[in-house]
Amino acid sequence: QIDPTQYIRQIIRNVPDWPKPGVTFRDITPVLQDPRSFRVLIDLFVYRYMGQKLDLVAGVDARGFIVGSVLAYELNLGFVPVRKKGKLPFNTVAEEYSLEYGNASVEMHTDSVRPGQRVLLIDDLIATGGTLLAAARLLQRLGANVVEAAAIIDLPELGGSKAVTDSGLSVYTVCS
Ligand code: PRP
Ligand code: HPA
């Protein structure tokens, strides 16, 4: 009998020295490529969120789209994208966050959430937490109730999940 979390953890690929020397990149593509681990992964999220009162899943560009859209479909919810700057065609709101060198920003369509809607925010990984915090601020500016911020992987040594929790959000990750 396999433990689902262990199963996912062992299929995630650690790529040394990518994107630069000294960094070990957690690559989820093998989890998506293997039909069994892809299903186990999505089912872990489905079991957590089925029966919870949710209106939407918001997925973060780009890997949050892959898990977020399938999860939204399985939960009979709509999906809204949190995109990197300059990609969305309609009226947008933006939030900046800091990267190691400089800033980046995420955007959402102004009509993607209605005030009071209960939203699950999802991405593949929490490193510094900057991306999920910016995405959560965007959703909150649009009046959303961010029910939880979820990811497949937490890198706790970078303090991101703590930062997101300290901001008042509930955080769930499958593995670290
Ligand atoms: C990665 C990852 C998260 C974010 C986590 O995406 O998919 O979105 O970084 O880092 P943080 O917790 O420090 O914010 P990246 O910004 O590399 O963009 P990509 O999806 O375009 O690869
Ligand atoms: N994997 C994916 N995204 C990331 C990582 C990683 O290891 N580190 C920071 N963002």
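Just so you know, ligand 1 is whichever comes first in the structure, and atom 1 is the first atom listed for that ligand. Hydrogens, waters and symmetry mates are skipped; everything else that's a heavy atom, side chains included, is used.
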Q. Would a distance-only check, ignoring hydrogens and angles, find a side-chain to backbone donor-acceptor pair under 3.5 Å from Arg9 to Ser176?
A. yes

Q: Would you name the heavy atoms of Phe79 and Ala58 that are closest together and state the gap between them?
A: CE1-C, 4.4 Å

Q. Would a distance-only check, ignoring hydrogens and angles, find a side-chain to backbone donor-acceptor pair under 3.5 Å from Gln6 to Ile2?
A. no

Q | Qualifying salt bridge (charged side-chain N to carboxylate O under 4.0 Å, His left out) pairs, either residue in residues 95-109, two or more places apart | A | Lys20-Glu100, Glu95-Arg137, Glu95-Arg141

(Q) List the protein residues in contact with ligand 2, where contact means a heavy-atom separation under 4.0 angstrom. (A) Thr24, Phe25, Arg26, Arg63, Asp124, Leu125, Ala127

Q.
Around atom CD of Glu157, are there more than 12 heavy atoms from other residues, nucleotides or ligands closer than 6.0 Å?
A. yes

Q. For Glu148, does its backbone N or O pair with a side-chain atom of Ser170 as donor and acceptor, under 3.5 Å?
A. no

Q: Please list all pairs passing the side-chain hydrogen bond (donor to acceptor under 3.5 Å, both in side chains) test where one or both residues lie in residues 68-86, with sequence neighbours left out.
A: Asp61-Arg83

Q. So, Asp27 and Thr29: side-chain donor and acceptor under 3.5 Å apart, yes or no?
A. yes

Q.
Residue by residue, ordered by chain and number, which ones reach under 4.0 Å of ligand 1 with a heavy atom?
A. Asp61, Ala62, Arg63, Lys84, Asp123, Asp124, Leu125, Ile126, Ala127, Thr128, Gly129, Gly130, Thr131

Q: Keeping the roles fixed (side chain from Arg118, backbone from Val147), state whether a donor-acceptor pair exists under 3.5 Å.
A: no

